[in-house]
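Structure first, then comments.
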Amino acid sequence: MQERPPSTVTILGIPNDDGSSYLRGAAQAPDVIRQAFRSPSSNTCCETGLDLDAEPRLLDAGDLEFDVDLAPFDQIETTVGELLDGGSRVLTLGGDHAIAYPILKAYGQRYERLSLLQLDAHPDLYDELDGNYLSHACPFARIMEEGLVARLVQIGIRTLNPHQSMQAERFGVEIIEMRDWDPTTVPEFEAPLYLSLDLDVLDPAFAPGVSHHEPGGLSVREVIRVIQDLNVPLVGADLVELNPTRDPSGVTAMVAAKLFKEIAAKMLEG
Ligand code: MN
Ligand code: MN
């Protein structure tokens with residue numbers, strides 16, 4: 001295993017919300033994020049001025065087209081793995097957060113000592129939820145059990161219960177709870193680093209178009225600041241849990257497109 005050359009970044013839509021425990025809808029997100037990115041109400045530049053629409057290193061593989069005869073998570077793992085083997089880093093647009101498990105399976109087999117930064121209202125460390133061990137409440141338990149990453153840091157957490165606290169301790173997860181959040185102290189990482197961004201890390205005042213409204217979260221500017229200030233490049237990222245059925249004004253889609261641009265820019269730095 002070795003690191004891929006820092007050449008291209010490929011966008012991959014994953015229209016899958018099979019793991020959603022409360023509401024469906026996140027499967028509609030990839031197209032909605034692309035439309036918001038191209039909305040004439042804004043432009044396609046990130047905040048450094050880099051125009052992503054004119055960036056030859058940023059490719060779009062479209063959406064994963066699921067074969068109904070195959071297990072969806074196997075197809076996610078295979079497709080992401082093929083892109084990585086082709087020398088590209090991958091920026092996936094979810095989908096719900098359950099897809100992080102097969103994505104990190106592909107990454108974990110190719111990157112040694114991977115660090116994982118999760119921005120989320122929820123730790124997603126349940127052993128199982130409603131009998132489903134592939135629920136979007138569980139992916140980081142699976143990732144840690146299988147040793148797919150060397151380090152997991154979570155920011156924005158504000159829903160810890162006794163079971164998930166126990167799981168976090170068991171797996172050695174570094175949790176920066178929202179009640180302890182200090183925007184001036186973003187942790188430092190060693191490369192390679194992967195970012196998993198659940199939009200419900202944001203306060204629902206900024207991003208109502210998610211399935212789980214959890215008040216007391218981060219502002220859009222704080223999340224942008226975390227992305228821009230990361231001390232190492234990103235080898236991969238996912239942007240998950242936009243639920244367009246709860247976003248009639250489209251404001252959360254614009255937030256997702258904004259974060260997509262800043263993540264892509266950060267990935268292209270490396
Ligand atoms: Mn999540
Ligand atoms: Mn969440």
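Side chains included, hydrogens not; waters and symmetry mates left out as well; all remaining heavy atoms used. In listed order, ligands and their atoms are each counted from 1.
Annotation: angle subtended at the Mn ion (ligand 1) by Asp124 OD2 and His97 ND1 is 90°, to 10°. At the Mn ion (ligand 2), the angle from OD2 in Asp200 to OD2 in Asp198 is 90° when rounded to 10°.
Here Glu214 fails the criterion, with no N, O or S atom under 2.8 Å of the Mn ion (ligand 2). Residue contacts to the Mn ion (ligand 1): Glu241 brings no N, O or S atom closer than 2.8 Å. Here His122 meets the criterion, with an N, O or S atom under 2.8 Å of the Mn ion (ligand 2).
Between His136 and Glu241, some side-chain heavy-atom pair lies under the 4.5 Å cut-off. With contacts defined as side-chain heavy-atom distances shorter than 4.5 Å, the pair Arg225/Leu218 does not qualify.
Using a 3.5 Å distance cut-off with no hydrogens or angles, the side chains of Gln109 and Glu77 do pair a donor with an acceptor.
For the pair Asp63 and Arg34, the salt-bridge criterion is met [side-chain N within less than 4.0 Å of a carboxylate O]. A salt bridge links Arg151 with Glu174: at least one charged nitrogen is closer than 4.0 Å to a carboxylate oxygen.
Within Asp120, the N, O or S atom lying nearest to the Mn ion (ligand 2) carries the name OD1.
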